[in-house]
Amino acid sequence: MPLRVYNTLHRAKEEFVPGQPGRVTMYVCGVTVYDHCHIGHARSQVIFDVIYRYLRYRGLQVTYVRNFTDVDDKIINRAHELGVPPQELAERFIGEFYTDMNALGIERPTHEPRATGHIPQIIEIIRQLEKNGYAYKKKSGVYFSVRKFADYGKLSRRDIDEMQSGARVDVDEDKKDPLDFALWKASKPGEPAWDSPWGAGRPGWHIECSAMSSHYLGQPFDIHGGGQDLVFPHHENEIAQSEAAVGRPFVRYWLHNGFLQINHEKMSKSLGNFFTIREVLAKIPPEVLRFVLLGVHYRHPLDYFDGALQEAREAVDRVYTAAETLRAQTFAPTEPDEAKLTPAQKEIWAVLQPVLPTFVEAMDDDFNTPRALGQLFELVTLINTLATKGKLKDEPGRAMLFTAAARAFDAMRGVLGFPIAEPADYRRRCAELVLAQHEMKAEDVERRIAERNQARAAKDFARADVIRNELAALGILLKDTPAGTTWYAK
RNA sequence: GGCGACGUAGCCAAGUGGUAAGGCAGAGGUCUGCAAAACCUCCACACACCGGUUCAACUCCGGUCGUCGCCUCCA
């Protein structure tokens, strides 16, 4: 089965064929580092992390580049407000970005270039554009002449003339045409600046992606990703610059993720209706957020609400419980041999066998993570069944079934990056979270448990239940086992 | 105005030209002092509405209504 992806350029799903057999080159627009990331950024990063993981799972060698925009008007303005140097501000939020990404289990791309580290490459493209007659210099900077690029609008399906009629009045009188955009911005006093053939200044926003992508990946490269809002003008402009400069196509497959919405409205900084990743992770473990983000197909809008997190929490707990169950089993890795299965085991095998292939099929279909998660839950049920049902315990069938289940589970986990951690680590973090929320210590819980067990020993079950219910109200659930009472955070 | 997406059970969300994955919630059962977890069983007379094509449409086509996005910085 071939991998099929939805290419924004053609508005259709098409078979994914890398430019070079066995190798994939991929670039995703990162973040402008002037503030904490919000959960919309998280969605984009999680999705492309999964795509990166899946391509490798498919046996492809992937070079993945994700940039940092570390010089830009927003950074400069923010730095000015805070009275710190722009570079220092950028540095700080790059650090914060990693804190969030690490929590969410996002792998490091192959290269993570910064705009300020690639000024020579940026200048080179502008020089080439000037030479090819697409760029012109004005007092305020160097601009790209959109009308000279015949293919302009091919990604966002826009017609230049219609755009112009609807275009707002541009305050920048310097441009020859309101559609033109800056390649190089002349610096004002006190702003970060680099020398260039056109005087001291800094790169325009779009040019950095053109420069860094082609520097690391060549041109054309295979996949360029980002949020839907980047289709126009950012990606349209990237195409114009890169193709006009080099004379070759820029990107083969354009992938765009849909938005996170709050109450059916786009969540964005400009609307002010956003949650930072950090805020959300103060309330729930990161795997819950990751799960929620993968629960909707990446191109569809995802409506975010608090209740969804609580619901998802139940589901995530269940996956971890199954992971615990699986890890608790001892079995020697055993290759499939249907002849060695009992009739009851054969029934399970018939259900278990197609789970991973179906998962792969779902991922092959434009990275259908909701369907893939469906298969993960099928597997969860199977794992629990295997561990529960006595009639499935005959060897070597039992070992064989567990081997297959464990392999499928690990494969899915590798692709989805979910569950993020080992179960014990997850439980520990959940416990810390709930204790922190109630300003409690583990000893407080242990003491209550001891009190309850005294009551139970005295057959004072009413009192025992009161204690349990009190803890439950805090999100602390007790579990009585033959080995004693344990607790976990809900 | 131009371009585009979406409208599936109480909620979230996949999906297919031939009668609907999965999750959450809910009901019953096994287990338990009672619970929890786990397991088993149940839970969409039709997928916004109206037409059309078809032997057959939720699934294709047209229209209507509704919601949202891009066209300006934005994942």
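Just the heavy atoms: all of them, side chains too, but no hydrogens, waters or symmetry mates, feed the values below.
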Residues two or more places apart in sequence or in another chain: which of them pass ring-ring contact (aromatic ring centres under 6.0 Å, His included) with [X]?
{"X": "F409(A)", "result": "none"}
{"X": "F305(A)", "result": "none"}
{"X": "H111(A)", "result": "Y216(A)"}
{"X": "F259(A)", "result": "none"}

Contact list for residues 372-394 of chain A, test side chain to side chain donor-acceptor pair (under 3.5 Å), sequence neighbours left out: R318(A)-T381(A)
Residue pair E236(A), R158(A): steps toward the salt bridge (Lys or Arg N to Asp or Glu O under 4.0 Å) verdict: CA-CA 10 Å; E236(A) 195 71 68; R158(A) 271 165 232 279; 5.5 Å; no
Can you list the residues that meet the side-chain hydrogen bond (donor to acceptor under 3.5 Å, both in side chains) rule with N453(A), with sequence neighbours excluded? R456(A), T485(A)
Using a cut-off of 4.0 Å on non-hydrogen atoms, how would the nucleic acid contact of [X] be classed: base, sugar-phosphate, or nothing?
{"X": "H297(A)", "answer": "sugar-phosphate"}
{"X": "T321(A)", "answer": "sugar-phosphate"}
{"X": "G30(A)", "answer": "sugar-phosphate"}

Check the interface with nucleotides 66-70 of chain B: list each N/O to N/O pair with the protein under 3.5 Å, or write none.
unit_1, atom_1, unit_2, atom_2, d
C68(B), O3', H264(A), O, 3.3
C68(B), O2', Q261(A), NE2, 2.8
G69(B), OP1, K266(A), N, 3.4
C70(B), OP1, K266(A), NZ, 2.6
C70(B), O2', R158(A), NH2, 3.1

With a 4.0 Å cut-off on N to O distance, would you call E191(A) and K185(A) a salt bridge? no
May I ask you to list the residues of residues 479-490 of chain A, by number, that have any heavy atom positioned under 4.0 Å from an atom of RNA chain B? K479(A), D480(A), Y488(A)
Near RNA chain B, counting only heavy atoms under 4.0 Å, which residues of residues 409-430 of chain A show up? none
For the pair made of CG in L326(A) and P in A38(B), what is the distance, rounded to whole Å? 15 Å
F367(A) six-ring centre to R299(A) NZ/CZ under 6.0 Å and within 45° of normal: no
For nucleotides 21-32 of chain B, give me one character per nucleotide, 5' to 3': B if any protein heavy atom sits under 4.0 Å from the base, S if the only such contacts are to the sugar-phosphate, - if neither. BSBSS-------
Under 4.0 Å: is that the gap between some side-chain N or O of N384(A) and OP1 or OP2 of A37(B)? no
For E314(A), all residues meeting side chain to side chain contact (heavy atoms under 4.5 Å, CB included), sequence neighbours excluded: Q310(A), K490(A)
Can you find a pair of side-chain heavy atoms, one from D364(A) and one from R4(A), that are under 4.5 Å apart? no
Just wondering, more than 12 heavy atoms not from N263(A) lying within 6.0 Å of its CG? no
Please convert RNA chain B into dot-bracket. A pair counts if it is Watson-Crick or G-U wobble with both distances under 3.5 Å; crossing pairs go in [ ] and bases paired with another strand get |. (((((((..(((.........))).(((((.......))))).....(((((.......))))))))))))....
